[in-house]
Amino acid sequence: MRTSSWRTMFRSPLVVIVLVVLVWFVATFLVMPNATLLISTFFPDGRISFRALEKLVSSERALNSLWHSFALAATLAVTVNVVGIFIVLVTDYFQIRGSRVLWLGYATTLIYGGIVLAAGYNFIYGRYGFITNAVRNVFPDIDPNWFSGYFAVVLVMTLATTTNHMLFLGSSLAKIDYQTIEAARNMGASTWRILWRIVLPALRPMIFAVTVLTFLTGLGALTAPLVLGGTDFQTIAPMILTFSKSSGSRDLAALLAIILGLATIVLLAMMNRVEKSGTYFSVAKVATPLQKQRIRNPLANAIVHVVAYVLFVVYALPVLLIVLFSFLEATAISTGTITWDAFTLANYATVFGTPSVLKPFVVSVVYSALASLIVVLGMLFVARVFQKHRNPVTSLLEYLLHIPWILPTILIALALVMTFDRPNPLIGGQVLTGTTVLLLVAYVIIKIPFTLRLLKAAFASVPESLEDAARILGAGPLFTLRTVLVPLVLPTAAAITALNFNSLLDDYDTAVFLYHPLYEPLGLAIRASTEGENNLDAMSITFVYTVLLMIIMGFTMWLVYGRGGAQGRRRGLRRGGRRGSAGPVAAVPVVAVPVAAAAAAPVPPERATPAP
Amino acid sequence: MHKRTIKTASVATIILSSMVLASCASAEAGGDGGGDAGGTLIVYTNSNGDGRGEWVTAQAAEAGIDIEIVGLGGADLANRIVAEKNNPVGDVVFGLNNMFFETLKDEEAVTAYEPAWAAEVDQESGDPEDGVFWPLVEQAIVTVYDSNTVTDAPTEMSDLWEDAAYDGRYEVNTALGQATPQLVLAGLLAPYLDEDGDLGVSDEGWVQVEAYFAHGSPAEEGTDLYARITRGDVDFGVLPSSGITARDAEYGTVTGVISPTDGVPYVTEQVAMITGTPRQDAAEEFIDWFGSAETQGAFAAEFASYPVNEEARAEALPEVVELIESLPKQDIDFALTRENIGAWVEKTELEYLP
């Protein structure tokens with residue numbers, strides 16, 4: 001696996017082709033456009049300009065916001081782990097009554113995020129939320145603004161970003177060697193001791209990985225601080241958004257995004273180092289399926305049940321509320337006076353009454369499906385090559401493929417428009433600006449880092465002996481890849497495809513500059529129907545679209561996880577999770593969200609990690 | 001083994017170059033929107049909300065012009081047009097305010113064309129020097145309150161932040177990337193222009209901006225100003241005048257407007273042809289039709305706008321005409337504002353926002 005020899009690398013024609021295509025793609029679509037834009041930004045007259053840095057350092061507000069973003073990220077790294085590990089244990093490790101239902105409740109964060117999620121919580125606990133009102137009827141002295149600032153943002157984002165734990169930690173848990181647990185129990189270890197000394201240590205690599213993810217989601221937090229942060233707790237993402245839209249301030253936007261991007265890379269490097277120093281042998285080679293553990297202490301059992309169900313209610317309420325609100329008149333929602341008369345189908349009538357309402361759905365489904373398939377297909381080869389051949393060239397390429405995590409989506413989109421507005425020899429003299437293909441290219445680009453990280457980790461978990469066996473039996477490299485390796489990583493690939501698909505469906509930031517006028521994607525259609533000075537039903541219509549999106553995304557997730565009932569889900573998870581089991585280094589899918597991208601997106605680009 | 005490697009290599013080539021092939025194929029398929037002189041006219045606008053886009057499309061079709069509306073927010077739209085200027089996708093743009101059009105003109109992204117109705121509008125509202133863009137609709141950016149509940153409305157805007165009685169009672173929009181907040185900022189700074197000051201504004205001007213944001217209540221993402229007024233969060237807030245009628249109907253408010261002696265900022269929505277459009281004839285036809293007294297009159301009657309076209313004004317709603325004519329126009333140098341607004345926004349964002 002550590003073949004770093006150049007000769008072996010270039011001996012295989014498959015690898016050579018992959019590398020050639022990759023170098024072409026990276027140079028054409030990642031390096032050239034962004035480098036051009038950044039050079040014109042930071043070297044306005046051919047000389048380096050420190051204007052942005054000076055502005056940033058002299059702005060108390062910017063430094064405060066930056067500090068808030070980092071504080072939020074650090075806090076989330078702790079809180080999300082606590083809640084995330086708890087829900088994974090409750091749904092997959094302990095015997096809890098109705099754990100399937102609980103799983104569904106906790107999984108709601110998979111299908112919605114962004115402004116709708118933040119608004120949903122605000123409608124419940126905010127100043128005019130019904131819980132606040134109910135409590136104030138009993139205790140009138142309570143501050144109606146209690147749910148705002150740092151505390152509220154942390155709470156909402158903690159609950160919103162446990163998705164990664166559910167998908168990735170849940171799958172790691174499933175493949176823990178059950179025999180170790182049984183052995184420990186036979187030796188008289190208590191439930192807690194087993195958990196603390198065996199289960200959690202075995203999960204450590206994956207916990208590191210999702211911690212990185214969580215940290216990055218926190219850095220890029222946009223809508224939750226906007227809605228719930230109040231004046232005391234604003235983060236840096238809205239500022240990046242404003243600045244990246246003004247040509248004079250673009251250097252500031254890029255600088256801020258790069259600061260967040262560097263933090264990403266430093267954290268990734270640190271996690272890699274920590275992981276290298278540890279050994280994780282407690283993972284099963286021959287899996288005995290994990291059996292759910294009963295909590296023997298009745299009091300503890302009761303407490304865990306209560307907490308699990310309270311969490312379930314907290315998770316499920318906003319979703320129910322959004323579905324409910326999609327049937328309400330806008331004024332009833334915004335003024336907080338809900339009566340029976342306020343229920344209406346008018347919002348749905350408005351959405352479905354719009355001429356050609358279906359077309360944006362079709363356009364977005366096609367774009368998202370194409371982009372997520374292309375990116376997974378392409379990255380299957382790339383990840384394989386990277387994982388098998390480690391040398392300076394492949395590491396450089398790997399770093400370059402992470403550019404979309406470092407720059408805000410808006411800048412990437414603008415760079416593409418401006419680079420491909422004239423015939424370009426690198427793409428055979430084509431002009432891409434104003435064609436349908438440029439948006440597809442952008443969608444593929446922004447999904448590369450997430451896809452690559454997870455796929456690379458998935459490949460790393462495939463035992464080398466399988467490949468050796470195939471080679472000895474005379475299989476060629478592509479045949480091995482197709483019949484031996486791909487099936488093993490297929491569950492992961494399918495899950496990534498679904499997550500990418502979901503997150504691209506309602507994209508706005510990329511599409512706004514790139515979409516072809518005759519093919520309007522959904523994100524734009526939603527924005528168009530909710531904008532306008534006189535459009536007072538904007539929030540209700542957003543809710544209607546959210547409900548429709550939830551249906552599509554729910555269906556996608558069902559295709560990946562749900563078919564064949566719960567057994568299928570478990571099997572999928574377990575197999576998908578095997579990626580974490582091979583070596584201590586490569587075993588960890590070091591996943592991260594596009595910080596800058598999330599920062600610039602009203603609706604988070606990674607559905608797996610909604611940054612509300 | 002050798003044969004097999006060649007085979008695998010070719011298969012890999014096919015799969016991996018699918019991106020390339022796909023791009024070429026769909027580039028050709030998608031090219032039909034951009035190159036030829038015939039086909040649908042692509043109309044860029046930020047004024048497509050509230051059913052305006054559908055209305056314009058339908059009316060244009062009746063007049064025999066086949067158009068496709070591309071609706072984006074003001075700042076996004078201007079950015080997109082500038083980014084596309086070497087290979088324009090749109091043919092006509094309307095609805096953006098003077099400030100955005102000054103930017104487009106500066107970037108040479110729009111081209112001069114004298115419409116058939118040029119004589120019916122006040123040139124001063126558009127681009128009197130070069131005639132690149134032409135005025136359609138006028139709007140006042142006003143500070144509103146509900147006269148049912150507010151009895152102590154000030155007469156000057158500055159009272160809001162200088163008088164402690166109004167502390168925290170007015171909404172300030174902090175989303176400075178958007179057009180209306182930028183106009184508010186321009187209006188705040190307009191009396192304090194000073195070549196020697198920071199970014200062309202005297203210190204006193206920046207003190208005003210600081211106080212304005214410090215004493216206001218920041219707008220809530222996703223909550224309409226009138227919802228906040230109705231539930232008593234705030235008493236005052238800024239709104240483009242065309243939004244008043246619909247809100248009074250929806251919320252049962254009776255809107256009062258602060259009318260300062262210096263006037264309120266006015267914006268004029270303009271129309272222009274995008275540079276390098278292959279469908280120049282259709283674009284001219286559309287501009288001639290859309291800005292005509294007849295179309296603007298019908299548009300005003302339908303969407304409570306205040307047309308610049310004097311003949312069309314007869315069709316405008318009486319209450320709209322009354323309101324607009326009661327509000328003096330603040331003197332704002334839009335060419336100068338356009339040059340500086342980016343820097344002003346940046347400074348405000350970095351130093352003064354709450």
Side-chain angles (χ1 to χ4, degrees), chain A residues 13-14 17-18 21 25 55 59 61-62 115 119 128 223 226-227 231 239 241-243 245-249 252 331 334-336 355 374 377-378 381 414 417-418 421-422 427-428 430-437 440-441 476-479 512-513 516-518 528 531-536 539, chain B residues 4-5 8-9 11-13 15-19 23-24 26-27 29-31 33-34 40 42 48-50 53-54 68 70-73 75-76 79-80 83-84 86-87 89-90 176-177 218 220-224 227 230-231 240 242-243 246-247 250-251 342-343 345-346 349-351 353-354:
Chain A
L14 178 67
I17 288 166
V18 169
V21 175
F25 185 87
K55 290 267 176 200
S59 163
R61 179 166 183 264
I115 179 86
Y128 301 94
T223 46
L226 272 184
V227 176
T231 47
M239 210 185 267
L241 192 62
T242 305
F243 286 158
K245 288 186 177 178
S246 150
S247 58
S249 311
L252 264 170
T331 35
S334 55
T335 54
I374 290 175
L377 202 67
F381 288 92
L414 283 174
V417 180
M418 293 192 271
D421 63 0
R422 60 204 81 183
I427 47 168
Q430 299 274 340
V431 174
L432 294 186
T433 300
T435 67
T436 46
V437 77
L440 184 64
V441 170
L478 195 69
F479 185 80
V512 66
F513 297 118
H516 188 278
L518 300 180
E531 242 169 23
E533 289 133 21
N534 299 336
N535 193 340
L536 305 170
M539 209 61 199
Chain B
R4 184 170 280 140
T5 30
T8 54
V11 174
T13 318
I15 295 174
L16 270 168
S17 52
S18 59
M19 260 183 261
S23 64
C24 297
S26 28
T40 311
I42 307 289
N48 63 319
D50 309 326
E54 287 86 11
E68 178 78 30
V70 173
L72 303 173
D76 286 342
N79 271 328
R80 180 167 170 152
E84 287 175 347
N86 289 319
N87 183 37
V89 176
L176 291 176
E220 282 173 19
E221 182 89 2
T223 309
D224 190 73
T230 318
R231 64 195 188 193
S242 66
R247 281 182 176 71
E250 178 91 17
Y251 288 95
V345 164
E346 186 180 282
E349 180 91 26
L350 287 175
E351 295 174 27
L353 286 195

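Just so it is clear, the structure is predicted and the values come from calculations on it, not from any experiment. Keep in mind that the numbers below use all heavy atoms, side chains included, and drop hydrogens, waters and symmetry copies. Proteins come first, then strands; the chains are lettered A, B, ... in the order of their sequence lines, and each starts at number 1.
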Participant: With a 4.5 angstrom heavy-atom cut-off, which part of B/Ala83 approaches chain A: side chain, backbone, both or neither?
Facilitator: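 B/Ala83 touches chain A through backbone and side-chain heavy atoms alike.
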Participant: Which region of B/Glu68, side chain (C-beta onward) or backbone (N, CA, C, O), has a non-hydrogen atom less than 4.5 Å from a non-hydrogen atom of chain A, or is it both or neither?
Facilitator: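 The side chain, not the backbone.
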Participant: Under the rule for side chain to side chain contact (heavy atoms under 4.5 Å, CB included), what residues qualify as partners of B/Glu351, not counting sequence neighbours?
Facilitator: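 Result, side chain to side chain contact (heavy atoms under 4.5 Å, CB included) vs B/Glu351: B/Lys347.
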Participant: Would you call A/Met239 and B/Leu350 a side-chain contact if the rule is heavy atoms closer than 4.5 Å?
Facilitator: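 A/Met239 vs B/Leu350: side chains touch.
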Participant: Show the nearest heavy-atom pair for residues B/Asn86 and A/Asp421, with the distance to one decimal.
Facilitator: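 Minimum heavy-atom separation between B/Asn86 and A/Asp421: ND2-OD2, 2.8 Å.
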Participant: Which heavy atom of A/Ser249 sits nearest to which heavy atom of B/Gly342, and what is that distance?
Facilitator: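 Scanning both residues completely, I find the closest heavy atoms to be OG-O, 4.0 Å.
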Participant: Got A/Leu518 and B/Ile42 here, is their nearest side-chain heavy-atom distance under 4.5 Å?
Facilitator: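 Counting from C-beta outward, A/Leu518 and B/Ile42 do come under 4.5 Å.
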Participant: Side chains of B/Arg80 and A/Val512: does their closest heavy-atom pair fall under 4.5 Å?
Facilitator: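 Heavy-atom side-chain distance check fails, nothing below 4.5 Å.
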Participant: Chain B heavy atoms under 4.5 Å from A/Phe513: which part of the residue, side chain, backbone, both or neither?
Facilitator: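 Answer is both: backbone and side chain atoms of A/Phe513 are under 4.5 Å from chain B.
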